[in-house]
S.K.: 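One structure, as structure tokens, below. Some questions next.
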Amino acid sequence: MKDKRFYTFLHRQIPVFLALSLIPGLGYLLLGWLHGVFMPAFAWYLLIVAASIWGVRIYRNFDFDTMSEQRRDRWYRQCSGFMYTFFMLWVLIFLLYIGQKAHKLHYIGIFTEIGAAVVASSLLASDRRLYRPILLMLMVPLIVYFLLIGEWYGYVLTAFACTLTWVLLYAANSTHQLLMQANHQATHDELTGLHNRQYFIEHLQKRMNTLNEDRGFSYLLLIDLDHFKTVNDSLGHDVGDHLLKAVVMRLQQQVPASCVVARLGGDEFIISGSSFAERDDCERAALALSEQLILTLKQSYVIEQHHIHISASIGVSIINGQQASANRFIKEADIAMYEVKAKGRDGIYLFDDELAYRVERHLEIERLLHFALANQEITLLYQPQLDRDGRIVGAETLVRWNSPALGAVPPDQFIPIAEQTGLIVELGAHILESGFKTLRAWRDDGINIEQFSINISMRQLTHHHFVALVEALVQRHLDADLSRMLVFEITESIIAEDINRVILVMRRLKQSGIRFSMDDFGTGYSSLSNLHRLPLDEIKIDRAFIKALSHQDGGQAMVITILKMASILKLRVVAEGVETEQQLDFLRQHDCPVFQGYLFARPLPHEQFVAYYRGKALR
Ligand code: C2E
Ligand code: CA
Ligand code: CA
């Protein structure tokens with residue numbers, strides 16, 4: 001098996017051979033001149049120089065990372081040709097000097113032949129196809145020469161030369177085996193026997209170089225087993241290992257011979273496909289193979305009496321040879337695979353322009369969001385909440401990001417990214433502080449509301465400094481009356497966290513007078529019993545339910561149920577996303593106390609909110 005290290009090793013020998021010929025060659029030239037065989041020695045040296053020039057060209061032509069498979073094979077043939085020529089020239093000088101007994105040059109000849117054989121057995125040990133014939137080519141003439149002496153010492157020398165040949169072959173074989181073993185270990189995964197990541201990247205780079213020359217396409221499938229960790233955790237690592245081996249066996253049975261399968265690590269496998277002239281054909285083949293693999297992997301496994309069911313998520317990327325690096329295509333397949341995971345696992349996703357755009361935008365948002373706070377691009381809007389009499393009783397704080405580069409980025413887009421990167425902690429602190437300042441300014445302006453709501457994301461609430469931060473900000477900007485107006489809106493995703501810790505944090509904050517509201521109520525997956533454990537004061541009916549009021553299929557029943565439940569649990573209710581008079585009428589009929597939505601006002605900047613409030617108060 002030939003990989004990058006094999007070729008690089010061979011490539012690195014070329015200069016050694018050049019040095020070994022050109023410099024000692026001068027000595028042979030001198031000897032030839034002194035002992036009357038100058039012309040043949042000179043002709044020989046000219047041949048050495050010509051071979052060296054050829055060697056330099058072969059050396060220069062090598063660039064593994066950009067060579068296609070064909071070019072690499074061609075290079076290898078040339079390099080072997082060069083090695084044969086080189087040793088043949090040394091056999092030639094042996095044949096020339098062995099005849100010059102009168103000047104004792106034959107000793108030099110014998111020494112040359114043995115020296116060349118030692119060099120061949122050590123420097124060419126990586127390649128059996130080179131060192132075996134070359135060693136024989138060097139040693140056989142010597143053996144014949146000794147044999148032809150015809151005296152007893154000649155036979156002793158023959159025996160010696162035969163033994164030496166055997167020793168050199170033996171040494172080269174052992175080194176060869178050792179190299180092959182080390183190479184196998186470096187390029188294979190021990191557990192499954194598949195190729196490893198490093199080998200695969202090299203292989204992919206070669207494939208891409210070939211595709212670049214042929215203008216063809218190929219595909220990558222990145223396969224990740226779903227919930228493999230659960231198998232490992234519940235049934236033990238032995239069973240996990242067996243399962244991986246069984247998975248590999250199924251993969252190898254399904255995958256065409258022209259594909260390469262490798263293990264990237266853990267429960268992640270990658271397959272590179274065959275080549276196609278058309279992109280469409282390539283996509284079709286990739287998806288067909290993925291579907292087949294998903295079905296095969298899903299069939300149940302029996303391992304140590306356990307019946308195991310497992311599914312897989314497959315990300316597909318189409319590769320061509322142009323520009324991009326091997327790593328980039330693996331990354332694309334990886335992104336596509338995560339898309340499957342995000343959509344509920346057990347499926348296939350093809351990395352396409354749309355996903356590329358989304359990823360690009362995601363990265364842009366992530367990058368620019370870091371500067372948004374410092375550049376004062378983050379502002380707050382306030383959406384009024386009204387009671388049944390049309391009085392403004394509260395406001396919800398909604399964040400806005402006006403990026404000079406990206407335009408207005410909606411919070412639905414940047415808040416989740418801020419959560420992933422942890423920036424939400426800093427961003428959230430800024431929102432709290434500006435919100436508190438507004439609340440204080442409003443009171444100084446004579447605005448009299450009952451509650452002031454701020455959205456708090458899960459990562460923010462569970463951050464270890466959160467309670468201390470809120471207490472410090474309350475101390476700095478608010479007083480007891482104002483802090484009792486605060487409502488923190490949380491979502492049901494909070495329950496996925498350590499619920500006991502969440503309850504602890506909520507209790508601590510309630511001591512400062514802060515109330516809690518369950519936002520987007522009814523859209524999450526939490527159980528009522530879990531919800532009931534949280535010290536809540538309010539729920540917000542999600543606008544999807546308000547929107548569904550006009551539908552016949554139980555839309556109204558949902559809202560009525562939530563309102564009833566809230567009244568039994570003594571929770572305040574805010575209906576959000578109220579857009580029409582009909583929705584408002586319905587909600588009023590069923591005793592909903594507070595409303596928020598475009599019917600009354602969109603989220604407003606600070607001063608506009610004040611103006612809106614005054615306008616309402618006048619009426
Ligand atoms: P949310 O907390 O459910 O906020 C209500 C969203 O509904 C707001 O969108 C608001 O502009 C919109 N809305 C209000 N009335 C109506 C209506 O009548 N019709 C329709 N169609 N929409 C209405 P916005 O401001 O784009 O915020 C989206 C989400 O981003 C919020 O959903 C919240 O989850 C998050 N978010 C916004 N500001 C913050 C913040 O300061 N911190 C955190 N952690 N999240 C925030
Ligand atoms: Ca909210
Ligand atoms: Ca909401």
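Below, all heavy atoms of this structure are taken into account, side chains as well, without hydrogens, waters or symmetry copies. Order of listing sets the numbers, starting from 1, for every ligand and every atom in it.
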S.K.: Side chain, backbone, both or neither: which part of Val578 has a heavy atom under 4.0 Å from ligand 1?
M.R.: backbone
S.K.: Out of Arg459, Arg543, Met458, who is nearest to atom 7 (O) of ligand 1 when you count heavy atoms only?
M.R.: Arg543
S.K.: Which salt bridge (charged side-chain N to carboxylate O under 4.0 Å, His left out) pairs, counting each pair once, include a residue from residues 588-602, with sequence neighbours left out?
M.R.: none
S.K.: What N, O or S atom of Asp519 is found closest to the Ca ion (ligand 2)?
M.R.: OD2
S.K.: Return each pair, listed once, that meets ring-ring contact (aromatic ring centres under 6.0 Å, His included) where at least one residue sits in residues 386-408; pairs must be two or more places apart or across chains.
M.R.: Trp401-Phe414
S.K.: Just to check, does Gln596 reach to within less than 4.0 Å of ligand 1 when the distance is taken from its heavy atoms?
M.R.: no
S.K.: For Phe609 together with Trp442, are the ring centres under 6.0 Å from each other?
M.R.: yes
S.K.: Determine whether more than 12 heavy atoms belonging to other residues, nucleotides or ligands lie under 6.0 Å from atom CG of Asp444.
M.R.: yes
S.K.: Could you check whether any heavy atom of Lys547 sits closer than 4.0 Å to an atom of ligand 1, since that is the contact criterion I want to use?
M.R.: no
S.K.: Need the atom name: nearest N/O/S atom of Glu489 to the Ca ion (ligand 2).
M.R.: OE1
S.K.: Would you mind finding which of Pro410, Pro603, Gly435, Pro411 brings a heavy atom closest to atom 24 (P) of ligand 1?
M.R.: Pro411
S.K.: Any salt bridge between Lys341 and Asp226, counting N to O under 4.0 Å?
M.R.: yes
S.K.: Go through it in stages, so that I can follow the logic: the residues are Glu396 and Gln383, the test is side-chain hydrogen bond (donor to acceptor under 3.5 Å, both in side chains), and I'd like the CA-CA distance, side-chain angles, deciding distance and then a yes or no.
M.R.: CA-CA 5 Å; Glu396 178 182 1; Gln383 190 175 30; over 6 Å; no
S.K.: With nothing but distance in play, are any N or O atoms of Val399 less than 3.5 Å from an N or O of ligand 1?
M.R.: yes
S.K.: Below a 4.0 angstrom heavy-atom separation, can you tell me which part of Ser457, side chain or backbone, both or neither, approaches ligand 1?
M.R.: both
S.K.: Are any of the heavy atoms in Arg400 under 4.0 Å away from ligand 1?
M.R.: yes
